[in-house]
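To start, the structure itself, in structure tokens.
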Amino acid sequence: MKAAAIEHFFATLQAANPHPETELQFTNVFELLAAVLLSAQATDVSVNKATRALFARAPTPEKMLALGVGQVEQHIKTIGLFRTKAKNLVATCQILVEQHGGRVPNTREALEALPGVGRKTANVVLNVAFGEPTMAVDTHIFRVGNRTGLAPGKNVVEVEQQLLKRIPKAYMVDAHHWLILHGRYICQARQPRCAACQVSAWCDFKPKTSTI
DNA sequence: ATCCCGAGGG
DNA sequence: CCCTCTGGAT
């Protein structure tokens, strides 16, 4: 996709949704970190359903730590990968309490040192909590980047670098959410809704079968 | 490359 | 039934 097309692409998404936000529910930075950690290979709807009760009980790393792996497992049992996530979340809370004064660190290095927190999760926290123009490449952004021609890279790191390089800086912070929401509701994995897409004019993707 | 792992949709 | 969902650790 050429520079002029990229400008049109994001200007259109911006006009349709001037202030995009994550659909994960949270009331503080710790809850944001926990929600993103829990969201791996799970829908936001599924995560929100479980975190409502979990965060009511444990809105801080200290309280989450006190809850323990067993109780956390019971709260998030309806989310996939629940054993791994409960173990990682509690272990992360222990590090937050012991090494960061119970606060969520604001550097990539410290975030990625937390169990269950990788590049993508760190990028989301840096973007949403600290306003940094990072690009967290999840399943939606990878797919949308590839299909549109915005970022044809073969892996998430390549796609991240391409997006950071090609998206105009003024759009970067919000681009993360625009691309996710576009992937979730329009450029869907199974059945892309090209007929309803507002940015198809600048997209390289041509579906083989007719889409609704 | 493989494992983890429930819920929802087609 | 099969595929997908804001991945990370081994």
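Proteins get letters first, then strands, A, B, ... in listed order; numbering begins at 1 in each.
Taking atom P on both nucleotides, C/dG8 is separated from B/dA7 by 23 Å, rounded to a whole Å. Spacing between C/dT6 and B/dG10 at atom C1', rounded to whole Å, works out to 22 Å. Of the C1' atoms belonging to B/dC4 and C/dT4, the separation is 16 Å, rounded to the nearest Å.
Heavy atoms only, all atoms of each residue included: A/Phe9 and A/Leu179 are closest at CE2-CD2, 4.0 Å.
Nucleic acid contact for A/Val117: sugar-phosphate only, since backbone atoms but no base atoms lie under 4.0 Å from a heavy atom of the residue. Among the atoms of the strands shown, only primed sugar atoms or phosphate atoms (P, OP1, OP2) are found under 4.0 Å from some heavy atom of A/Thr121.
When the P atom of C/dT6 is taken as reference, atom CG of A/Leu32 falls 15 Å away, rounded to whole Å. With rounding to whole Å, A/Tyr185 atom OH is found 13 Å from C/dC5 atom P. Rounded to whole Å, the distance from NZ on A/Lys85 to P on C/dC5 is 13 Å. One interatomic measurement links the two molecules: CG of A/Leu38 to C1' of C/dC5, which rounds to 14 Å at whole-angstrom precision. Spacing between atom CG of A/Leu89 and atom C1' of C/dG7 amounts to 15 Å, rounded to whole angstrom units.
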Quick tally for nucleotides 1-10 of chain B: nucleotides whose base has a protein heavy atom under 4.0 Å get B, sugar-phosphate-only ones S, the rest -, giving ---BBBSSB-
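Position along DNA chain C of the nearest nucleotide to A/Ala122 versus A/Gln188 favours A/Gln188 as the more 5'-ward residue. Where A/Asn88 and A/Ala189 each meet DNA chain C at their nearest nucleotide, the meeting point lying more 5' is that of A/Ala189.
A/Glu23 is linked by a salt bridge (Lys or Arg N to Asp or Glu O under 4.0 Å) to A/Arg184, counting only residues two or more places apart in sequence or in another chain. For A/Lys154, the salt bridge (Lys or Arg N to Asp or Glu O under 4.0 Å) criterion is met by A/Glu158, not counting sequence neighbours.
Note on residues 112-131 of chain A: pairs passing salt bridge (charged side-chain N to carboxylate O under 4.0 Å, His left out), not counting sequence neighbours, are A/Arg108-A/Glu112, A/Arg119-A/Glu160.
For the segment residues 108-116 of chain A, the set of residues with a heavy atom within less than 4.0 Å of an atom of DNA chain C comprises A/Leu114, A/Pro115, A/Gly116, in numerical order. For DNA chain C, the neighbouring residues in residues 124-161 of chain A, judged by any heavy atom under 4.0 Å, are A/Val124, A/Asp138, A/Thr139, A/His140, A/Arg143.
In terms of modelled atom types and a separation under 3.5 Å, the side chain of A/Gln162 and the main chain of A/Gly153 share a donor-acceptor contact. When atom types are taken as modelled, the side chain of A/Thr43 and the backbone of A/Ser46 share a donor-acceptor pair closer than 3.5 angstrom. One N or O on the side chain of A/Asn48 and one on the backbone of A/Gln25 form a donor-acceptor pair closer than 3.5 Å. In this structure, the side chain of A/Asn127 engages the main chain of A/Val173 through a donor-acceptor pair within 3.5 Å. A donor-acceptor contact shorter than 3.5 Å is absent between the side chain of A/Trp202 and the backbone of A/Lys2.
Counting only N and O atoms by type, the side chains of A/Arg103 and A/His100 include no donor and acceptor under 3.5 Å apart.
The aromatic rings of A/Trp178 and A/Phe10 sit tilted, their planes meeting at an angle between 30° and 60°.
A sub-4.0 Å separation between OP1 or OP2 of C/dT6 and a side-chain N or O of A/Arg184 is present.
A/Val156 and A/Val124 sit in two unconnected hydrophobic clusters of ILVMFWY residues. Membership requires side-chain heavy atoms under 4.5 Å apart, directly or through other members.
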